Amino acid sequence: MPTVVVMDVSLSMTRPVSLDGSEEFQRKNLAVHGLNMLFEHMASNYRLEFTALMAFSSLWELLVPFTRDYNALQEALSSLEDYDKTCVESALHGVSNVVQQEWGSACPCQVVLVTDGSLGIGKGSLRHSLQTLKQRGDDKKFPLPFPFPTKLFIMCIANAEELQMTDAMDNLEELLRLSGEDGQIFTMEGPLCMKSVQTMFGKLIDLAYSPFHAVLHCGNLSSDVQVFPRPEPVIMDEEVEPMPRTVSTDLEIVGFIEIADIASPPVISRHLVLPIAVNKDVDEVGTGATDELEEEPSASQMAGKSPNFCVLLHGSLKVEGMVALVQLGAEWFGMLYSQADSKKKSNLMMSLFEPGPEPLPWLGKISHLGPISEAADNPYGEDDSKSPFPVQPQVKRSYAQNVTVWIKASGLQTDVQKILRNARKLPDKTQTFYKELNRLRKAALAFGFWELLKGVADLLERECTMLPDSAHPDAAFQLSHAAQQLKLASTGDSQYAAFDHNIAPMHTDFSS
Amino acid sequence: MKMFSVAHKTVFVVDHCPYMAESSRQQVECDVLTKSRAQGVIPLAPVSKSLWTCAVECSMEYCRILYDVYPKDKLVNYIVSDSEFHILNSWRREDQSTHELMSALAAVGPPNPREDPECCSILHGLVAAVESLCKITELQHEKRTALMDTADRVANRGRIICLTNAKSDTHVRMLEDYIQETILEQNKLAAGSDRLMAIQQCDLVLVHIYPQGEDTLVSDRPKKEISPLLTSEVHSVRAGRHLATKLNILVQQHFDLASTTITNIPMKEEQHANTSANYDVELLHHRDAHLEFFKSGDLHMAGTSTRENGLKETVTLKWCTPRTNSIELHYCTGAYRISPTDVNSRPSSCLTNFLLNGRSVLLEQPRKSGSKVISHMLSSHGGEIFLHVLNSNRSTLEDPPSISEGCGGRVTDYRITDFGEFMRENRLTPVSESSHDPSGKLPVERAKAQLERHTRYWPMIISQTTIFNMQAVVPLANLIVKETLTEEDVLTCQKTVYNLVDMERKNDPLPISTVGSRGKGPKRDEQYRIMWNELETLVKTHAGATDRHQRVLDCIIACRSKPPEEEERKKRGRKREEREDRTEKNGSKEADDKSWQDSERLKGLLDKEDQESEVIKDSPDSPEPLNKKPRLTSEEVQPLERAKGPVSLLTMWSNRITAANSRKHQEFFGRASSVNNKFELYQHLKDENGYVQSAAKVSF
């Protein structure tokens with residue numbers, strides 16, 4: 001989940017922090033200190049996160065586009081300049097543009113807004129923006145909620161009391177509400193100093209940037225892993241089940257399925273599963289493995305040399321073209337598979353299905369997937385020529401069962417013509433003739449369209465009179481029989497108009 | 001959409017009063033004569049549908065689309081009203097199909113035009129509809145039972161779609177008031193019953209149908225709130241095509257559907273088999289399949305067109321060749337069931353049959369810039385067609401560290417093939433819900449239990465195991481992991497053990513891993529000891545399961561040869577090369593695999609290691625001290641190393657350093673012009689002094 005850090009560089013951020021006797025800081029210095037701490041943490045523990053840095057006052061500027069280069073981000077922080085007044089709305093427009101250009105509108109994003117809580121005055125101030133929310137045309141809509149799912153973290157370089165003295169806190173709360181209420185407002189506790197800003201950013205790190213560690217189990221085989229990005233809690237139906245579901249830290253493999261059988265299933269999110277060495281310096285081995293230097297000393301080399309279940313699993317999944325079904329919690333499953341990034345690099349990935357008993361209709365109920373050893377015959381066949389998947393639904397869909405729809409005149413005409421075409425080829429086409437006839441009869445009865453039954457009966461009688469001399473005598477018998485039966489049905493007489501009744505071919509015998 | 005939104009329950013109330021038997025006055029020519037037959041034949045008079053027929057077929061079309069897209073838990077209750085009400089089906093899942101409804105409708109038949117209009121009314125049906133909405137559905141019951149004390153989270157909402165011919169706006173208001181009253185009455189009743197639920201929200205959709213060519217007596221009215229419980233909207237529509245369009249729009253609104261038109265579908269012409277024309281097919285599906293377009297405001301860019309009355313929009317996606325294959329795992333963010341708008345038109349049925357035959361089609365988003373973006377895929381699974389949404393944005397997971405760079409990434413002898421075999425054995429299959437297991441465990445729990453049994457002893461790398469590298473052990477290894485063994489299984493296991501005993505007697509070689517260790521590796525009897533220990537470890541982990549498992553273990557313990565320790569000791573003292581290398585290897589093994597550490601084999605190895613370090617000093621076979629070996633240049637060392645096995649990291653490193661260093665200085669004259677790596681020193685002394693310095697030769 002990419003992060004955009006939006007840093008307030010308005011003049012008010014240069015306000016000095018009053019501290020007795022010690023060195024004098026600006027609020028900006030505190031903010032930069034906090035952000036540096038965040039970036040340092042990410043560089044060592046959350047390195048795969050893409051982060052962008054944006055500065056805003058009445059205008060906004062993208063200082064560092066999305067990157068994993070945390071040095072670049074820290075460098076940009078060190079060279080911030082001071083500008084005019086705060087205008088949150090335009091900055092949020094900027095965030096919206098920047099994120100959508102890079103990731104589209106489906107990718108969830110975290111926005112870290114750093115401000116001192118003095119939110120501008122007059123036009124362009126947050127107060128003004130919020131007051132005029134409802135008086136806007138479509139072209140000047142307020143940027144929140146963003147089109148992409150958002151977690152909004154507002155880091156105030158101010159304490160709560162200060163914000164509550166004005167309407168700043170109310171406005172920020174309104175902002176969070178507009179963004180979809182996913183996120184939090186952080187304020188500083190106690191005096192504004194380096195220590196309290198550290199505490200505040202520490203809380204943000206714990207909430208949003210602590211690596212997700214889990215144990216991947218396959219029976220007695222297991223491996224400690226980091227799942228990146230952190231799997232988010234999911235709410236399926238806020239009414240029936242308002243508590244969000246979270247991914248368990250024990251990921252249990254249930255069994256294996258062929259890629260062709262799982263068939264590009266829909267997933268709610270994708271995650272890298274990175275094996276980590278426990279009881280060692282996790283930071284160094286886990287996420288930091290990206291650009292490990294060749295001559296880096298033993299810790300990671302040792303970890304590289306000891307067999308790890310993830311590597312074995314990945315190798316076999318890749319070779320066999322299979323996925324592992326993995327249980328993430330109660331009635332919640334996902335799949336593990338090998339994902340190739342390029343020709344050389346490939347990885348163990350985990351995709352999460354929607355929570356629930358039957359996320360993929362073609363697998364049936366997931367809790368009812370069992371080991372093949374229980375089946376009398378191997379459902380995959382002795383030579384892997386068969387598959388128990390996909391599971392067939394009990395009722396066929398309309399497009400798979402030759403339904404009758406006469407909403408357009410052409411539908412009705414086609415069905416009548418089909419009957420006539422077959423009528424002219426009697427007795428060869430007797431079976432098809434009656435099949436089409438009965439299909440039309442059923443639909444006409446259901447729709448209460450008795451007039452059609454009479455009409456088609458008339459048509460069949462006319463065909464009967466027009467039969468050429470060379471025609472088989474059976475043709476005339478069948479046509480008049482069919483016409484008579486349709487006429488009887490059109491009276492609605494329950495004896496002849498029963499829906500499940502079929503007109504059977506007249507029994508004739510011309511062989512003797 | 002919430003599980004229990006108004007869409008959970010839909011009641012159709014269709015007017016069956018005598019005036020519905022009136023003709024819609026829309027005529028259908030069903031006798032289309034072909035030119036060749038046209039002469040002298042009087043064509044059949046066109047037929048026309050009654051208002052009833054129009055209402056029924058359009059409501060069936062609504063249900064067809066609904067059931068295609070939501071086969072489960074979006075329920076329809078169909079009620080017909082004349083002098084009384086007729087309920088054609090129930091909320092039960094088995095009653096939810098168009099076939100059920102058609103059959104029931106056939107039994108009702110068209111309205112009787114001669115019936116007394118005074119006794120007939122739509123009100124009977126509307127009252128029945130409200131009563132029906134109070135009835136609990138299977139899903140509501142299941143959820144209430146599952147939620148126990150929070151059962152009140154299960155809401156009861158519903159929608160009534162009334163197809164009728166109203167007399168006036170006042171008549172409509174009367175109907176609304178009547179429904180409002182009935183809801184209040186029924187809610188009181190429901191409060192005192194377990195099988196009924198009070199209605200929390202009811203949406204009334206009243207569709208007034210009138211014949212073509214007549215003026216409507218009822219005016220359209222958008223949705224308005226009658227009371228907190230009831231909202232109502234009125235649509236006044238001419239019978240026939242207009243009614244069909246209206247209900248199509250309604251089903252989309254009611255169930256959050258959207259429309260996609262697939263264009264450029266190449267199809268063979270019936271008459272000209274070698275030419276193909278391009279067709280378009282319109283599909284309906286959940287609107288989330290267009291989420292990306294909606295959000296980005298890209299709808300128009302994506303080829304949307306507004307059609308007919310401006311209410312209906314469709315997104316155009318282009319058929320894309322080449323097709324995709326089934327073994328590719330696409331990153332798919334959603335899959336939604338589809339229903340063709342025009343289900344039995346030729347292009348529609350061609351497309352659906354093509355997909356039902358198991359082929360998938362990628363769909364491309366038309367863009368002005370000309371860049372090709374594949375955004376969707378059509379694919380069928382088990383007779384159902386789904387529109388898959390493919391991710392077309394940049395991935396946030398790009399350029400991840402390769403698995404080979406992480407933990408365990410440098411190990412090269414994983415049992416990949418064996419684990420592949422293991423995965424095949426642990427594939428899953430649907431187990432019918434009726435088959436009850438005595439343990440009371442769900443199939444998925446039994447699958448996990450099987451994985452647990454199969455992995456009690458499962459070394460991950462080839463050099464950690466002997467028995468899994470031996471064909472002879474396979475029958476036993478496959479059987480012992482079973483939950484229960486038959487007598488026959490035990491016999492097979494025992495045979496396997498006897499076979500191993502036989503092999504040992506014949507002194508057959510074992511596939512003991514010699515990776516990393518130079519030379520021959522452990523001696524034959526030592527190899528067997530390792531093998532037996534490992535086999536015992538494997539079987540021990542299962543011995544507790546049943547008596548039969550225990551018998552297999554007993555058999556192994558009885559059969560394996562255990563020579564006295566002293567004899568063992570004497571037999572040790574074999575020469576080893578690269579001793580340090582081996583110790584280091586064992587050391588790292590020890591660190592990484594705790595279960596392995598416990599295993600007998602490692603202990604054996606370590607013991608041996610200790611013994612060897614004692615023995616080796618006075619062994620006659622011990623290698624010459626390293627410094628006595630002739631020094632070799634790197635060119636000579638390399639082929640030698642290769643022949644003996646993989647090059648150690650140290651060697652690679654030293655070679656690299658040597659190579660690097662050699663580039664930094666000029667080569668010694670002597671080494672450069674040596675013959676067979678030998679160069680004679682003081683060559684000109686001979687010339688000058690006349691005697692040979694034979695000893696002064698130097699080797700490189």
Side-chain angles (χ1 to χ4, degrees), chain A residues 103-106 147 219-221 237 239-240 254-256 259-260 264 266 272 275 277 289-290 303-308 311-312 314-316 320 345 347 362 364 367-372 379 388 390-392 395 397-400 407 409 412-413 416 445-449 451-452 455 492 499, chain B residues 2-3 28 30 32 47 52-53 56-57 64 68 97 102-103 105-106 109-110 153 244 295-296 326-327 329-330 332 334-335 343 352 381-383 393 400-403 405-411 414 416 419-420 423 426-431 442-444 446-447 450-452 455 460-461 592:
Chain A
W103 312 106
S105 52
N220 293 298
L221 297 169
D237 187 311
E239 190 173 88
V240 180
V254 169
F256 302 88
I259 284 184
S264 299
L272 286 167
T290 350
K305 276 183 186 169
S306 47
N308 187 295
V311 186
L312 172 68
H314 169 266
S316 299
E320 299 286 336
K345 284 185 171 181
N347 254 287
W362 49 96
S367 59
H368 279 84
L369 294 178
I372 48 172
V391 173
Q392 300 285 334
V395 185
R397 303 289 151 252
S398 70
Y399 44 81
I407 285 183
L412 178 56
Q413 286 156 356
V416 173
L445 286 172
F447 297 153
F449 200 179
E451 199 183 334
L452 178 73
F499 185 71
Chain B
K2 283 182 203 151
M3 193 182 278
V28 187
C30 62
V32 188
V47 289
W52 164 259
T53 299
V56 167
E57 69 174 1
R64 178 188 72 78
D68 273 354
S97 80
M102 299 263 281
S103 168
L105 280 166
R153 283 183 194 158
K295 280 180 169 175
S296 56
S326 64
I327 52 159
L329 199 58
H330 294 277
C332 161
V343 64
T352 50
H381 310 285
N393 287 312
S402 171
I403 190 127
E405 292 163 28
C407 292
R410 308 249 162 87
V411 179
Y414 284 107
I416 299 283
F419 197 72
M423 296 196 309
N426 286 286
R427 274 182 293 186
L428 297 167
T429 188
V431 178
L442 281 169
V444 80
R446 307 206 289 269
Q450 173 168 311
L451 283 176
E452 191 279 324
T455 54
M460 289 196 282
I461 56 175
D592 65 56

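First the proteins, then the strands, lettered A, B, ... as listed; each starts at 1. From a predicted model like this one, the values you see are computed outputs, not experimental measurements.
Here the shortest heavy-atom pairing between Asn220(A) and Thr455(B) reads N-OG1, 2.6 Å. The shortest heavy-atom contact between Gly448(A) and Pro110(B) is O-CB, 3.6 Å. Counting all heavy atoms, side chain and backbone alike, Pro275(A) lies closest to Cys407(B) at O-SG, 3.6 Å. Across Ser316(A) and Gly420(B), no two heavy atoms sit closer than the pair OG-N, 3.7 Å. The two residues Met3(B) and Asp237(A) make their nearest non-hydrogen contact at N-OD2, 2.5 Å. In terms of heavy atoms, Ala446(A) sits closest to Met102(B) at CB-O, 3.4 Å.
By number of non-hydrogen pairs under 4.5 angstrom with chain B, the leading residue of Pro390(A), Gly104(A), Ser367(A), Gly364(A) is Ser367(A). Between chain A and the options Leu442(B), Thr352(B), Leu451(B), the largest number of non-hydrogen pairs under 4.5 Å is found for Leu451(B). With respect to chain A, the highest number of heavy-atom pairs below 4.5 Å among Val444(B), Leu428(B), Val47(B) belongs to Leu428(B). Counting heavy-atom pairs closer than 4.5 Å to chain A, the top residue among Ser97(B), Ser103(B), Ala335(B) is Ser103(B). Counting heavy-atom pairs under 4.5 Å between each of Val395(A), Leu452(A), Leu272(A) and chain B puts Leu272(A) at the top. Top candidate by heavy-atom pairs under 4.5 Å with chain A, chosen from Val28(B), Val411(B), Val343(B), Ile416(B), is Ile416(B). For the set Arg153(B), Arg427(B), His381(B), the count of heavy-atom pairs under 4.5 angstrom toward chain A peaks at Arg427(B). Listed options Glu239(A), His314(A), Gln392(A) were ranked by heavy-atom pairs under 4.5 angstrom with chain B; first place goes to Glu239(A). Chain B forms the most heavy-atom pairs under 4.5 Å with one residue out of Gly370(A), Gly492(A), Pro379(A), Gly219(A), and that residue is Gly370(A).
Within the model, atoms CE of Met460(B) and OG of Ser306(A) stand 8.5 Å from one another, a figure rounded to the nearest 0.5 Å. Rounded to the nearest 0.5 Å, atoms CD1 (Ile259(A)) and NE2 (His330(B)) are 10.5 Å apart. For the atom pair CG of Asn308(A) and CD1 of Ile461(B), the computed distance is 11.5 Å after rounding to the nearest 0.5 Å. Rounded to the nearest 0.5 Å, atoms CD1 (Ile407(A)) and CZ (Arg64(B)) are 8.0 Å apart. The CD atom of Gln450(B) sits 7.5 Å away from atom CD1 of Ile372(A), with the distance rounded to the nearest 0.5 Å. The CE atom of Met423(B) sits 6.0 Å away from the CZ atom of Phe256(A) when rounded to the nearest 0.5 Å.
Residues Leu221(A) and Phe419(B) are in side-chain contact: their nearest non-hydrogen atoms beyond the backbone lie under 4.5 Å apart. Annotation: side chain of Pro430(B) is not in contact with side chain of His368(A) (no heavy-atom distance under 4.5 Å). In this structure, the side chains of Phe447(A) and Val56(B) come closer than 4.5 Å at one or more pairs of heavy atoms.
The side-chain hydrogen bond (donor to acceptor under 3.5 Å, both in side chains) check on Thr53(B) picks up Ser50(B), with sequence neighbours excluded. Under the side-chain contact (heavy atoms from CB on, under 4.5 Å) criterion, Gln413(A) pairs with Ala409(A), Ser410(A), Glu29(B), Val32(B), not counting sequence neighbours.
Checking side-chain atoms of Asn426(B) against main-chain N and O of Pro371(A) turns up no donor-acceptor pair under 3.5 Å.
For chain B, the nearby parts of Val391(A) are the backbone and the side chain; heavy atoms of each come within less than 4.5 Å.
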